[in-house]
There are 2 protein chains.
Amino acid sequence: MRYSAVTIKDLARELGVSTSTVSRALRDSYEINPETKKMVMECAKRMNYQPNPIALSLKERKSRSIGVIVSEIANSFFSKAINGIESAAHERGYNVIIAQTQESYRKELSILEFLASRSIDGLLISIATETRNMEHFAALHARGLPLVFFDRITEDINTHTVVADNFQGSYEATSHLIGNGYRRIAHVTNSKNLSITQERLKGYRQALKDHQIPADKSYVQYCHHGGMIHSELENAFNNLMELRPLPDAIFAGGDKLTTGCLKILRSRGIKIPEEMALAGFSNSDLAEVTEPPLTVVKQPAFEMGRTATELLLELIESKRPVEEFEKRKFATRLLVHRSSIRPALTSIG
Amino acid sequence: MRYSAVTIKDLARELGVSTSTVSRALRDSYEINPETKKMVMECAKRMNYQPNPIALSLKERKSRSIGVIVSEIANSFFSKAINGIESAAHERGYNVIIAQTQESYRKELSILEFLASRSIDGLLISIATETRNMEHFAALHARGLPLVFFDRITEDINTHTVVADNFQGSYEATSHLIGNGYRRIAHVTNSKNLSITQERLKGYRQALKDHQIPADKSYVQYCHHGGMIHSELENAFNNLMELRPLPDAIFAGGDKLTTGCLKILRSRGIKIPEEMALAGFSNSDLAEVTEPPLTVVKQPAFEMGRTATELLLELIESKRPVEEFEKRKFATRLLVHRSSIRPALTSIG
DNA sequence: TTGAAAGCGCTAACAT
DNA sequence: ATGTTAGCGCTTTCAA
């Protein structure tokens, strides 16, 4: 059974006027007699007329919907960013179509093809951790599809980007660990090719450097799948546990990695922060009620989503090709909790 | 700048044939010369032709997209259910448009209007906690839009439904608390009008009854906004703390309520489970690393999402009106952790 | 085996 | 002030 709506034609027939009169009346055109307008409006309301957006889309060659590609909505940063995206999009009459890569490059490719073939007007992208090659994005961009990257961005494509100040967030968190007496700080992070990985790594390294702590490459562990594959984070962690001297703190570069490290530490009975401190990027609401409460770097996810969307809609609705691209950067916030505070008694200094 | 795709017309011009020939060749029609077919296919590939789904939609009067209405995607149950929904929908070439009510009836109304006007083919709905009146759904259903309710359902509309066995989950959790020596078990739950609230309440009451524990109405606190408004849960909690005798356990009937109670108990320094045990419905991955680890009733969210979608697509693609409606019910799982286990020393029995 | 033409719902240029 | 018509991309009779 098909749901069939009232069309402009039905109204025209009902009223004995032409479809164009109805169309113009509904759009409140100046060239329509006020009385006719009123008559049409009333009839439309009475018959519960709803314009068919598909016909409109076909005509205007746009669908008033935008796509969003993220790694997974269960990620606390992305679910909040999506709230921001939806709020900005709906305000301006746009639909949002969400798709998840689960950090997989293959999925990213197929999703991109899927979305492109669904006539979306533009795309918000946060790149999967597995992805190294940007050609699939470049091809679409070259064909004129408006693109805005957020959070995990690429330099390869010349368009708007929205990011958190990952360097700052990472620098602050690492400095905080150092300030609490930790010296052998490991860094568990996403795949090397990701923009956020590189920036966070830089912040981490700079903090070590500024405090005259030598950086050791083996203290940095990359998770090619962003902790999406459980064994991967386990391996990274095992690698760290084989190091001598043992790290005394872990700074994690992503939502799943932060909570993942917490789970592993807990499951192995390693005391936090006595034996190993933990801090990391996360937007989880539960950070303060875990055991121990987690020190986290929070990104303004909602605002970032909103801004990315506004920039995308600007691109979509711009009459002329946009030449100037913005790089918006948002400050992060460090929320300090017990997981990274060295207890007074065991302080080594 | 507009992204403009290759059309069937471009192919026809390129090859010097008619658009109908191209169309038929692409659809592999029997009445087209194999050589022509091959030629068209090659040209389509070469020019990177992608059929315009909007034109198709207009023609077929369907959009190959379904809407999903949930309270919020940051909810651990819904984010996983949505994964299931997307997996089933994408498999069959459907788009998913997600919208969030934030538990607000008003938002539910406007979202419904928005989605209905965007020519979706069907709708998956989990009702907002504020909603009491089902007329907005009934009106759409009456107009022939396929609807499937999941998780928070209504009896008022005759269609497929997908739920967890809320009674069972609630019964088991409450019985578990009783088995651990708790007798004064409070229940913090969603708005009274919600289906899940009623079923979970029944399970809770039945468990009390089966163990000869008198039910006290004041031990049940309803949150009309599902804990979405912070003060609401605070109030509910305060009400419980004024009771004498004081409850010795809380059983929470929803994701946000469970973690919300944890936060409140923690912030007030009330020891869990010594002073107050806690258990509740939640699909959070962090339940086992909170302090204390939480006893939770888990729903098979992914499977529920998949099933709801399959039922909806069945409805959408059915040639004749569907008369027989299914009520799918999924078993829940009780994961016991420390938050509900009475320590041996303080055991009263 | 192929082409011409109509039509899905809507808008807008062009009549009148 | 209103009507006629063409066209957005595609499929599908109907003709040839």
Side-chain angles (χ1 to χ4, degrees), chain A residues 2-41 43-44 47-65 93 116-121 143-144, chain B residues 2-41 43-44 47-65 93 116-121 143-144:
Chain A
R2 186 104 303 125
Y3 162 80
S4 90
V6 176
T7 74
I8 227 169
K9 217 176 185 172
D10 297 322
L11 299 188
R13 192 175 330 111
E14 178 80 10
L15 294 167
V17 297
S18 77
T19 57
S20 46
T21 301
V22 175
S23 171
R24 277 185 279 238
L26 291 171
R27 326 199 80 236
D28 201 22
S29 161
Y30 66 96
E31 38 184 7
I32 293 289
N33 186 318
E35 287 179 23
T36 316
K37 258 184 208 172
K38 214 173 119 190
M39 180 179 81
V40 170
M41 293 296 197
C43 184
M47 297 179 68
N48 196 11
Y49 167 79
Q50 297 284 0
N52 180 332
I54 293 190
L56 259 170
S57 294
L58 183 59
K59 183 102 188 116
E60 295 177 11
R61 283 120 148 270
K62 43 189 288 218
S63 62
R64 283 193 94 77
S65 64
S117 79
R118 305 302 292 175
S119 310
I120 48 162
D121 295 341
R143 279 165 59 197
Chain B
R2 186 103 304 124
Y3 162 79
S4 88
V6 177
T7 73
I8 228 170
K9 218 177 188 172
D10 298 321
L11 299 187
R13 193 176 327 112
E14 178 80 9
L15 294 167
V17 297
S18 77
T19 57
S20 41
T21 302
V22 175
S23 170
R24 276 185 280 238
L26 291 171
R27 324 201 84 236
D28 202 25
S29 160
Y30 67 95
E31 39 184 5
I32 294 289
N33 185 320
E35 288 179 23
T36 316
K37 257 183 208 173
K38 218 174 115 190
M39 182 178 81
V40 172
M41 292 296 197
C43 185
M47 296 180 68
N48 196 12
Y49 167 79
Q50 297 283 1
N52 180 331
I54 293 189
L56 260 170
S57 294
L58 184 59
K59 186 101 188 115
E60 295 177 11
R61 280 115 153 274
K62 45 190 284 215
S63 63
R64 284 193 91 78
S65 63
S117 79
R118 304 302 291 176
S119 311
I120 47 162
D121 295 341
R143 278 164 60 199

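Just so you know, these numbers come straight off a predicted model, no measurement behind them. Numbered from 1 within each chain, the chains take letters A, B, ... in sequence-line order.
A:S18 pairs by the side chain to side chain donor-acceptor pair (under 3.5 Å) definition with A:S20, A:T21, not counting sequence neighbours. The salt bridge (charged side-chain N to carboxylate O under 4.0 Å, His left out) search around A:E35 returns none, not counting sequence neighbours. Applying the side chain to side chain contact (heavy atoms under 4.5 Å, CB included) test to B:S57 and every residue at least two apart in sequence or in another chain returns A:I54, B:S63. Residues passing the side chain to side chain contact (heavy atoms under 4.5 Å, CB included) test with B:P51 are B:Y49, sequence neighbours excluded. Residues forming a salt bridge (charged side-chain N to carboxylate O under 4.0 Å, His left out) with A:R64 (at least two apart in sequence, or on another chain): none. Residues satisfying the side chain to side chain contact (heavy atoms under 4.5 Å, CB included) criterion with B:D28, sequence neighbours excluded, are B:K37.
Taking for each of B:K37 and B:A55 the nucleotide of DNA chain C with the nearest heavy atom, the 5'-most of the two is the partner of B:K37.
Rounding to the nearest 0.5 Å gives a distance of 11.5 Å between OG1 of B:T36 and CZ of B:R24. Taking CG from A:N52 and CZ from B:R61, the interatomic distance works out to 9.0 Å, rounded to the nearest 0.5 Å.
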Listed pairs under 3.5 Å, donor-acceptor, residues 7-16 of chain B side chains, sequence neighbours left out:
| residue | atom | partner | partner atom | Å |
| --- | --- | --- | --- | --- |
| B:T7 | OG1 | B:K9 | N | 3.1 |
| B:T7 | OG1 | B:D10 | N | 3.3 |
| B:T7 | OG1 | B:D10 | OD2 | 3.4 |
| B:D10 | OD2 | B:T7 | N | 2.8 |

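Contacts between residues 17-28 of chain A and DNA chain D, defined by a heavy-atom separation under 4.0 Å, are made by A:V17, A:S18, A:S20, A:T21, A:R24.
Pairing each heavy atom of B:A25 with each of B:I32, the nearest pair is N-CG1, 4.0 Å.
Across all strands, B:S57 comes closer than 4.0 Å to no nucleic acid atom at all (heavy-atom distances).
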Q.
As a quick check of understanding, evaluate side-chain contact (heavy atoms from CB on, under 4.5 Å) for B:V6 and B:N48, giving each step before the final call.
A. CA-CA 7 Å; B:V6 177; B:N48 196 12; 5.5 Å; no

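For DNA chain C, the outermost nucleotides in 5' to 3' order that have an atom under 4.0 Å from a heavy atom of chain B are C:dT1 to C:dG9. Here chain A contacts DNA chain D (any atom closer than 4.0 Å to a heavy atom, that is under 4.0 Å), and the contacts span D:dA1 to D:dG9 from 5' to 3'.
Comparing the helix axis at one end of the helix from C:dT1-D:dA16 to C:dT16-D:dA1 with that at the other, each defined from 5 consecutive pairs, gives an inter-axis angle of 60° (nearest 10°).
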